[in-house]
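Worksheet: one structure, shown below.
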Amino acid sequence: MTPLKLGIPKGSLEEATIRLFAQAGWCITPHSRNYYPDIDDPSIRCALVRAQEMARYVERGTLDLGLTGLDWILETEADVAEVCTLTYSKASNGPSRWVLVVPEHSPIERVEDLAGRKIATELVGFTRRYLAERGIEAEVEFSWGATEAKAVEGLVDAVVEITETGSTIRAHGLRIVADLLLTDTRLIANHAAMADPERRARIEQIALMLQAALAARHKVALKCNVPADKLDAVVALLPSLHAPTVSHLYDRRWLAVETIVDAGRVRELIPQLCAAGAEGILEYELRKMV
């Protein structure tokens with residue numbers, strides 16, 4: 001079988017994507033002097049491609065599959081198959097937002113106030129369509145970078161910029177007027193590759209393992225020992241996909257209880273388990289969860 005041609009997003013998502021593949025079971029090793037990282041799977045060949053261009057390369061078949069943001073799929077209007085959503089980013093496991101930003105004291109209070117104004121953004125096509133759909137006529141120009149600075153310096157009336165938390169925007173004395181698009185990472189594939197049963201199966205395997213790795217990031221496993229007469233009280237505290245796993249220890253008066261919980265609940269849950277009679281509580285990270 002000809003190796004699958006996989007596009008890894010170069011730039012802000014590159015490191016996070018390589019970490020995700022490592023957790024999913026593939027070791028990708030980039031090289032400083034070329035755009036073709038090594039991968040420990042002879043059935044896959046990797047190429048580093050900017051997220052902004054990924055969808056077009058996948059659409060043309062230059063790549064069989066790749067990872068890019070929903071924003072760049074919409075921007076390029078590329079005809080690709082969206083295999084799955086992978087919600088992660090360079091700084092978090094959450095989606096990012098494209099927002100309309102203006103200087104703090106700007107008179108612009110809503111999207112409609114953009115009529116007749118000048119806007120800078122990297123997301124030119126999407127922004128123009130967004131405004132046209134609402135009957136708003138404004139000048140939208142492409143920004144080659146430092147987009148927020150153009151609003152700070154008064155070069156434009158507003159910018160459309162991507163953010164995860166909004167903290168950098170606020171630090172620059174700017175104000176978010178509206179959210180235009182919520183975006184996350186998508187695994188996309190060429191339609192011809194998806195039409196081939198063998199290649200489709202390979203793509204779906206990659207999708208499954210990446211999703212399993214992401215799902216595990218939000219969960220941890222808890223295991224504890226519980227006296228038999230305290231079992232009901234402890235189990236009542238434990239969420240699970242179905243029910244906690246319970247098994248007898250060598251001393252039949254004690255049982256081992258194991259379950260999967262949201263990572264954010266652990267700090268509250270462990271004291272409650274102790275109070276209910278659980279002992280020997282262990283928490284451990286998960287690598288994958290299907």
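The figures here come from the full heavy-atom set of this structure, side chains too, leaving out hydrogens, waters and symmetry mates.
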Notebook entry, point to check: Near Glu104 CD, under 6.0 Å, is it more than 12 heavy atoms from other residues, nucleotides or ligands?
Noted result: yes

Checklist line | Euclidean distance, Ile281 CD1 relative to Leu222 CG, rounded to 0.5 Å | finding: 7.5 Å

Next item on the list: Ignoring hydrogens and angles, tell me if any N or O in the side chain of Arg175 forms a donor-acceptor pair with the backbone of Ile108 under 3.5 Å.
Entry: yes

Notebook entry, point to check: Among the clusters formed by ILVMFWY side chains lying less than 4.5 Å apart, do Ile162 and Leu123 turn up in the same one?
Noted result: yes

Next item on the list: Look up atom OG1 in Thr29 and atom CG in Asp40, then write down how far apart they are to the nearest 0.5 Å.
Entry: 7.5 Å

Next item on the list: Using atom types as modelled and distance alone, determine if a side-chain donor or acceptor of Lys288 lies under 3.5 Å from a backbone N or O of Gln23.
Entry: yes

Note to self: With a 6.0 Å cut-off (strictly less than), is the heavy-atom count around CD of Glu15, excluding the residue itself, greater than 12?
What the structure shows: no

Check: Between atom CD1 of Ile188 and atom CE of Met194, what is the distance when rounded to the nearest 0.5 Å?
Finding: 11.5 Å

Check: Below 4.5 Å, heavy atoms only, C-beta onward: do Asp184 and Leu182 meet side chain to side chain?
Finding: no

Note to self: Quick check: closest heavy atoms across Ile260 and Lys219, and the distance to 0.1 Å?
What the structure shows: CG2-CB, 3.7 Å

Note to self: Using every non-hydrogen atom in the two residues, find where Gly7 and Leu63 come nearest and quote the distance to one decimal.
What the structure shows: CA-CD1, 3.8 Å

Next item on the list: Say whether Val58 and Ile8 are linked into one hydrophobic cluster, either directly or through other cluster members, by side-chain heavy-atom distances under 4.5 angstrom.
Entry: no

Next item on the list: Quick one: do Leu273 and Leu238 satisfy side chain to side chain contact (heavy atoms under 4.5 Å, CB included)? Show the steps, please.
Entry: CA-CA 9 Å; Leu273 292 173; Leu238 294 175; 3.8 Å; yes

Notebook entry, point to check: Are Ile270 and Leu231 grouped together when hydrophobic residues (ILVMFWY) are joined by side-chain heavy atoms under 4.5 angstrom apart?
Noted result: yes

Next item on the list: Decide yes or no on side chain to side chain contact (heavy atoms under 4.5 Å, CB included) for Thr62 and Lys5, but give the supporting numbers first.
Entry: CA-CA 8 Å; Thr62 307; Lys5 294 168 289 185; over 6 Å; no

Item checked: Glu77 and Arg129 ion-paired at < 4.0 Å -> yes

Next item on the list: Look at the side-chain heavy atoms of Ile, Leu, Val, Met, Phe, Trp and Tyr, link any pair under 4.5 Å apart, and say whether Trp72 and Leu74 land in one connected group.
Entry: yes

Check: Can you find a pair of side-chain heavy atoms, one from Leu6 and one from Leu67, that are under 4.5 Å apart?
Finding: yes

Check: Is the side chain of Arg199 donor-acceptor paired with the backbone N or O of Ala195 at a distance under 3.5 Å, no angle test?
Finding: no

Next item on the list: Please name the pair of heavy atoms, one in Ile176 and one in Gly166, separated by the smallest distance, quoted to 0.1 Å.
Entry: CD1-CA, 4.5 Å

Check: Residues in side-chain contact (heavy atoms from CB on, under 4.5 Å) with Ala263, at least two apart?
Finding: Val220

Next item on the list: Answer yes or no: is there a donor N or O on one side and an acceptor on the other, between the side chain of Thr163 and the main chain of Arg97, under 3.5 Å?
Entry: no

Checklist line | Single hit among Val140, Asp157, Val156 for side chain to side chain contact (heavy atoms under 4.5 Å, CB included) with Arg117 | finding: Asp157

Check: For the side chain of Asn225 and the backbone of Gly280, is there at least one donor-acceptor N/O pair under 3.5 Å apart?
Finding: no

Next item on the list: Determine whether more than 12 heavy atoms belonging to other residues, nucleotides or ligands lie under 6.0 Å from atom NE2 of His105.
Entry: no

Check: Side chain of Asp262, backbone of Arg265: donor and acceptor closer than 3.5 Å?
Finding: no

Check: Any idea which heavy atoms bring Leu255 and Leu249 closest together, and the distance?
Finding: C-CG, 4.1 Å

Margin query: Please determine whether residues Tyr88 and Ile28 belong to a single hydrophobic cluster, defined as Ile, Leu, Val, Met, Phe, Trp and Tyr linked transitively by side-chain heavy-atom distances below 4.5 Å.
Written below: yes

Checklist line | Over all atoms of both residues, closest heavy-atom pair of Pro227 and Gly277 | finding: CD-O, 3.3 Å

Checklist line | Under 3.5 Å: donor-acceptor pair, side chain of Glu59, backbone of Asp79 | finding: yes

Margin query: Is there a side-chain contact between Glu14 and Leu48 in this structure, where contact means two heavy atoms from C-beta onward sitting under 4.5 Å apart?
Written below: yes

Next item on the list: Taking Asn34 for its side chain and Tyr36 for its backbone only, find out whether a donor-acceptor pair lies under 3.5 Å.
Entry: yes

Notebook entry, point to check: Got Thr259 and Val257 here, is their nearest side-chain heavy-atom distance under 4.5 Å?
Noted result: no

Next item on the list: Determine yes or no for a side-chain-to-main-chain donor-acceptor pair under 3.5 angstrom, with Lys118 supplying the side chain and Leu155 the backbone.
Entry: no

Notebook entry, point to check: Less than 4.0 Å between a side-chain N and a carboxylate O, is that true for Arg56 and Glu75?
Noted result: no

Next item on the list: Measure the shortest side-chain to side-chain distance between Tyr130 and Ile136 over non-hydrogen atoms and say whether it is less than 4.5 angstrom.
Entry: no

Next item on the list: Scan side-chain atoms only and decide if Asp41 and Trp26 contain a donor-acceptor pair under the 3.5 Å cut-off.
Entry: yes

Next item on the list: For the pair Thr183 (side chain) and Asp71 (backbone), establish whether a donor and an acceptor sit closer than 3.5 Å, ignoring hydrogens and angles.
Entry: yes

Checklist line | From OH (Tyr35) to CZ (Arg50), nearest 0.5 Å | finding: 9.5 Å

Next item on the list: Would you mind reporting whether Leu114 and Leu100 have side-chain heavy atoms less than 4.5 Å apart?
Entry: yes

Check: With Glu283, which of Val261, Val266, Leu269 fulfils side chain to side chain contact (heavy atoms under 4.5 Å, CB included)?
Finding: Val266

Notebook entry, point to check: Taking only residues two or more places apart in sequence or in another chain, which ones pass ring-ring contact (aromatic ring centres under 6.0 Å, His included) with Phe142?
Noted result: Trp144

Check: What closest approach, in Å, do Ile206 and Leu65 show between heavy atoms, and which atom pair accounts for it?
Finding: CD1-CD1, 4.2 Å

Next item on the list: Compare all side-chain heavy atoms of Leu131 with those of Ile119 and state whether any distance is below 4.5 angstrom.
Entry: yes

Notebook entry, point to check: To the nearest 0.5 Å, how far apart are CH2 in Trp98 and CG in Leu70?
Noted result: 12.0 Å

Margin query: Please report the interatomic distance SG(Cys46) to CD1(Ile18), rounded to the nearest 0.5 Å.
Written below: 8.5 Å

Notebook entry, point to check: Any side-chain heavy atom of Gln205 within less than 4.5 Å of one from Leu208?
Noted result: no

